[in-house]
Amino acid sequence: MSACTGNTASAPAAQAIPVPVISISKGKATTYQEYPVMVEGRVNVQIRPQVDGYLETLYVDEGAFVKAGQSIFKIDDHRYREQLNSAVGNLNAAEAALINAQLEVEKLTPLVAEKVVSDYQLKSAKASLKVAEANKKQAEAAVASAKINLGYTLITAPVAGYITRLPKKQGSLVSASDPEPLTTLSDIAVVHAYFSLGESDFLSFRDRYEGNTLNEKLKNLPPVSLVLANGTVYETQGKIDMVDGQFDRTTGAITLRASFPNSKGLLRSGNTGRVRLGIAHDDVMLVPQATTVEVQDRVFVYTVDKDNKVARKPITIIGKSGTDYLVSEGLEVGDRIVSKGFENLQEGAVVVPQKAESEMASK
């Protein structure tokens, strides 16, 4: 009946919804990229015997720290000491033979001049003298070699560092031909973390920093952090100081090295983790993650136009800094977006913008 009355009064308009709104602006932010690494000491030396024999003494235990020149192993030296004594005896005999040969030459020289004996005898004596001189040199070399072998029975640390496992125990027979070393000595005062970059990532990495040459760019790189296997960040930052000379043809990646001081010895060779590289962005749009919604792998925000109407817009994310997204496309500086309460908003709905707790995206 009311329809037949001819009254044309319109239905009441939908009530505008008050929502908090923030304005988009640009600012500075830092994003991080992480790459898996393997940690190695700056020097890892395999300790191997250079002579054969029984392992007589172990001066250190597994995991011990040793100084450069400190004794580590002692191989039974009786055989090598006797070889040295024998070599010294042969040297003494060679020296005596040399003296006799010299005396023979000295005796025959005037007799040949006076033609008492033939010249042939003097030439034969001089030849014997040269043989005696050569025998002496051989004996001296044998003594030196015996001394070297005797010295090899005491194995000392070539560098300062930590001892690893000791597979050979006291009394074991060791040989220079053994495939397994006696131990490995690791100098970890400074550790190296090696990681790889793909070609495209490396080119972006290279072009990001100032410098005409790669060495100049390395000097301008910011410090990097080391994230350990348990997720904690190593207490001291490091520096990228090496780029490999070529790409790996198999993987298409290039190796970089970051060095970290390790005066407390907290890191050991074989540690794993991730190198975290910081990338500075000086002029980028920041959007709080809480103001976005993800639908089918795309990220959207709810914008508010000049007529206070809501529209859902997709945005392009280039990174993340703290609780903010870094946005490259989809928004302009000065655009207004709904900061919260947008879950039930309809496309085109009219809202009443209210000042949010923070007018700026967090940094």
Side-chain angles (χ1 to χ4, degrees), residues 36-84 86-87 142 144-196 226 228-230 234 242 244-246 248-251 253 255-275:
V37 296
M38 175 67 73
V39 175
E40 295 182 10
R42 63 180 175 183
V43 177
N44 288 315
V45 181
Q46 289 186 342
I47 307 300
R48 294 180 177 274
Q50 298 190 62
V51 292
D52 304 339
Y54 288 97
L55 200 56
E56 185 178 78
T57 308
L58 279 70
Y59 295 105
V60 295
D61 198 1
E62 296 173 332
F65 177 80
V66 296
K67 298 179 180 179
Q70 181 177 336
S71 298
I72 305 177
F73 302 103
K74 182 69 166 64
I75 297 174
D76 180 37
D77 64 356
H78 290 89
R79 177 175 48 160
Y80 300 100
R81 196 172 296 280
E82 291 305 318
Q83 289 177 357
L84 175 60
S86 176
S145 178
K147 287 182 178 179
I148 291 173
N149 288 334
L150 180 61
Y152 283 154
T153 60
L154 180 63
I155 302 174
T156 59
V159 296
Y162 287 89
I163 296 293
T164 61
R165 295 289 303 276
L166 300 175
K168 298 285 188 178
K169 306 303 181 182
Q170 185 174 355
S172 299
L173 180 62
V174 298
S175 170
S177 60
D178 287 343
E180 187 178 27
L182 294 175
T183 188
T184 299
L185 182 58
S186 181
D187 180 0
I188 56 172
V190 174
V191 296
H192 299 315
Y194 294 91
F195 62 101
S196 298
L226 178 62
L228 303 178
N230 63 355
Y234 181 58
M242 187 280 292
D244 200 351
Q246 64 179 6
D248 189 308
R249 294 183 178 180
T250 304
T251 63
T255 300
L256 285 75
R257 184 185 73 189
S259 298
F260 295 85
N262 188 37
S263 58
K264 297 180 181 179
L266 300 178
L267 300 176
R268 299 296 176 96
S269 291
N271 273 137
T272 59
R274 302 184 305 277
V275 162

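We count residues from 1, following the sequence as given.
Counting heavy atoms from C-beta on, the side chains of Ile47 and Phe73 come closer than 4.5 Å. Two residues are said to be in side-chain contact when any heavy atoms from C-beta on lie closer than 4.5 Å; Leu154 and Lys74 meet this criterion. Taking 4.5 Å as the limit, every side-chain heavy atom of Asp77 sits out of range of all side-chain heavy atoms of Tyr152. Looking at heavy atoms from C-beta onward, Gln70 lies out of side-chain contact with Thr156 at the 4.5 angstrom threshold.
Closest approach of Ala146 and Ala87 over heavy atoms only: CB-CB, 4.3 Å. What you find for Lys168 and Leu55 is that their closest heavy atoms are O-CD2, 3.8 Å. For Phe260 against Ala193, the heavy-atom pair with the smallest separation is CE1-CB, 4.0 Å. When all heavy atoms of Ser71 and Val60 are compared, the closest pair comes out as O-CG1, 4.1 Å. Looking at every heavy atom in both residues, Lys67 comes nearest to Ala157 through O-CB, 3.4 Å. The two atoms that bring Ser259 and His192 nearest to each other are OG-ND1, 2.8 Å, heavy atoms only.
Side-chain atoms of Thr57 never come within 3.5 Å of backbone atoms of Tyr59 as a donor-acceptor pair (strictly under, hydrogens ignored). Judged purely by atom type and a 3.5 angstrom limit, Glu56 has no side-chain atom pairing as donor or acceptor with the backbone of Ile75. The backbone N or O of Ile163 lies less than 3.5 Å from no partner atom in the side chain of Thr183, so there is not a single donor-acceptor pair. Checked by atom type and distance alone, the side chain of Asn262 pairs as donor or acceptor with a backbone atom of Leu267 at under 3.5 Å. A donor-acceptor contact shorter than 3.5 Å is absent between the side chain of Arg257 and the backbone of Asp244. At distances below 3.5 Å, at least one donor-acceptor pair connects side-chain atoms of Ser269 with backbone N or O atoms of Gly41.
Here the options are Leu185, Ile188, Val190, Asp187, the test is side chain to side chain contact (heavy atoms under 4.5 Å, CB included), and the partner is Val43; only Asp187 passes.
Atoms CG and CG, on Leu166 and Asp61 in that order, are 6.5 Å from each other to the nearest 0.5 Å. Here Leu266 contributes atom CG and Asn271 contributes atom CG; the two are 9.5 Å apart, rounded to the nearest 0.5 Å. Rounded to the nearest 0.5 Å, atoms CG (Leu84) and CD1 (Ile148) are 11.0 Å apart. With rounding to the nearest 0.5 Å, the separation of CG in Leu226 from CZ in Arg274 is 9.5 Å. Of the inter-residue distances, the one linking Asn149 atom CG with Arg79 atom CZ reads 9.0 Å to the nearest 0.5 angstrom. Interatomic distance, OG of Ser186 versus CZ of Phe65, reported as 11.0 Å (0.5 Å rounding).
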_Before you tell me yes or no, could you show the steps for Met242 and Leu256 under side chain to side chain contact (heavy atoms under 4.5 Å, CB included), namely the whole-Å CA-CA distance, both residues' side-chain angles and the distance that decides it to 0.1 Å?_
CA-CA 6 Å; Met242 187 280 292; Leu256 285 75; over 6 Å; no

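By the 6.0 Å contact criterion, NZ on Lys264 is open, its count of non-hydrogen atoms from other residues, nucleotides or ligands being 12 or less.
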